[in-house]
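Beneath this line is the structure, given in structure tokens, with notes to follow.
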Amino acid sequence: MMRHLLDIDDLAPAELATVLDLAECPAPRPVLAGRGAALIFEKPSNRTRNASEMAVVALGGHPIAIRGEEIGLGVRETPEDVVRVLGRYHAVVGARVDDHRVLEAMAATDAVPVVNLLSDLAHPSQAIADLLTLRQRWGTLAGHSLAWVGDGNNVARSLVLAAAMAGIEVRLASPPGYRLDPVVVDAARALGGTVVEADRPADAVAGADAVATDVWVSMGQEDQSSARIDAFAGYRVDAAMMREAAAGAVFLHCLPAHRGLEVDGEVIDGPASLVWEQAGNRMHALRGLFSWLLGERACA
Ligand code: CP
Ligand code: NVA
């Protein structure tokens with residue numbers, strides 16, 4: 001059966017652990033030697049485009065980054081036809097899309113493994129990098145706790161599911177109307193995770209080992225900016241909020257960040273911040289993921 005990664009729970013927990021191990025292989029086998037990876041972007045990207053291209057290079061392959069409008073994804077050709085063709089040239093296709101259903105349509109062809117490089121719904125390659133970052137800091141994942149403060153968005157969804165799969169307790173604090181989809185909370189619990197929904201950020205953060213947030217206005221939501229900025233008042237991660245967390249607690253943000261909105265400069269630029277480690281780990285996570293999709297199960 002061909003495997004795809006549209007969200008993190010397309011992997012079993014043990015498979016996710018293997019991907020994390022592969023992300024740290026000192027000398028990854030060149031499983032993409034002589035092969036290509038097509039990386040489609042319908043939205044802007046700094047980290048994901050560069051990390052995915054360099055991950056492909058590290059595996060000996062040739063990445064081709066493509067803007068959505070360049071190939072007329074869904075306009076000039078259906079997503080299914082696009083990926084059926086790309087599968088004739090490439091060993092893997094990654095795509096950052098406005099609408100998650102485009103990824104589902106691509107994956108349903110089983111023409112080539114499809115990787116979600118961010119959709120409106122999920123950001124699984126970010127979640128792999130985030131777990132890798134936490135594992136490097138803590139040594140282990142199970143038994144730790146993570147507070148998500150802010151929008152119950154695509155990044156939250158994948159991180160909460162990934163945390164549940166890794167045995168990290170999750171505490172959620174989001175304003176009404178911006179909470180994580182209850183279906184995702186149920187899915188995380190069904191994976192064996194502990195998920196606590198808090199009424200106030202301070203309740204979520206109290207004693208947490210990690211505090212994570214993301215932008216209040218995601219790509220494609222620009223027309224909701226002022227309503228969102230109003231709704232998220234009180235959800236900024238600042239030094240006072242970090243003091244409620246456990247001693248030595250870390251701060252996570254997938255970036256790009258807005259200092260003075262969802263996070264204060266003294267937090268993101270301070271000693272608790274792991275944001276640059278997260279950004280760097282995007283490349284290692286994608287390298288581990290691509291090598292897993294190409295059949296690798298252990299380091300050389
Ligand atoms: N974190 C992340 O996905 O960043 P980019 O949007 O720059 O790829
Ligand atoms: N939630 C953000 C993440 C960007 C990496 C967005 O979708 O724009």
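Here, residue 1 is the first one in the sequence, and each next residue gets the next number. Remember, it's 1-based here, ligands and their atoms both numbered in the order they're listed.
Dense packing is recorded around CZ of Arg67, with more than 12 heavy atoms of other residues, nucleotides or ligands lying under 6.0 Å away.
Asn153 and Asp214 share a side-chain donor-acceptor pair at under 3.5 Å. Checking Ser125 against Arg282 by side-chain atom types alone, a donor-acceptor pair falls below 3.5 Å. His100 and Asp7 share no donor-acceptor pair across their side chains, judged by distance under 3.5 Å alone. Using modelled atom types and a 3.5 Å distance limit, the side chains of Glu277 and Asn281 yield no donor-acceptor pair. Side chains of Ser119 and Arg96: a donor-acceptor N/O pair is absent below 3.5 angstrom, by distance only.
When all heavy atoms are compared, the tightest approach of Glu77 to Val85 is OE2-CG2, 4.5 Å.
Salt bridge Arg171/Asp203: absent, no basic N to carboxylate O contact under 4.0 Å.
Protein heavy atom in closest approach to atom 3 (C) of ligand 2: Asp214 OD2, 3.6 Å. The protein heavy atom nearest to atom 7 (O) of ligand 2 is Asn154 ND2, 2.8 Å. Here the heavy atom of the protein found nearest to atom 4 (O) of ligand 1 is Arg47 NE, 2.7 Å. Closest to atom 8 (O) of ligand 2, if we only count protein heavy atoms, is Met219 N, 2.8 Å. Summary of contacts: the protein heavy atom closest to atom 4 (C) of ligand 2 is Leu118 CD1, 3.8 Å.
The shell of residues lying under 4.0 angstrom from ligand 1, judged by heavy atoms, includes His123.
Ring planes of Tyr178 and Phe232: tilted class, angle from 30 to 60°.
Under a 4.0 Å criterion applied to the non-hydrogen atoms of Leu255, ligand 1 contributes the atoms 1 (N), 2 (C), 4 (O). Taking every non-hydrogen atom of Cys254 and a distance limit under 4.0 Å, the qualifying atoms of ligand 1 come out as 1 (N). Counting atoms of ligand 2 from 1 in the listed order, those under 4.0 Å from a heavy atom of Leu255 are 5 (C). Residue-ligand proximity, Asn153 to ligand 2, at heavy-atom distances under 4.0 Å covers atoms 1 (N). Each of the atoms 5 (P), 7 (O), 8 (O) of ligand 1 lies under 4.0 Å from some heavy atom of Asn46.
Ligand 2 has a nitrogen or oxygen under 3.5 angstrom from a nitrogen or oxygen of Ser218. The shortest N or O to N or O distance between Pro256 and ligand 2 is not under 3.5 Å. Geometrically, ligand 1 and Ser45 share a nitrogen or oxygen pair separated by less than 3.5 Å.
When the side chains of ILVMFWY residues are joined at heavy-atom separations under 4.5 Å, either directly or via intervening members, Leu20 and Leu191 end up in a single hydrophobic cluster.
Residue contacts with ligand 1 for Arg282 involve side-chain atoms from C-beta outward but no N, CA, C or O (heavy atoms, distance under 4.0 Å).
Nearest-heavy-atom check against atom 6 (O) of ligand 1 across Met219, His253, Arg96, Gln278 picks out Arg96.
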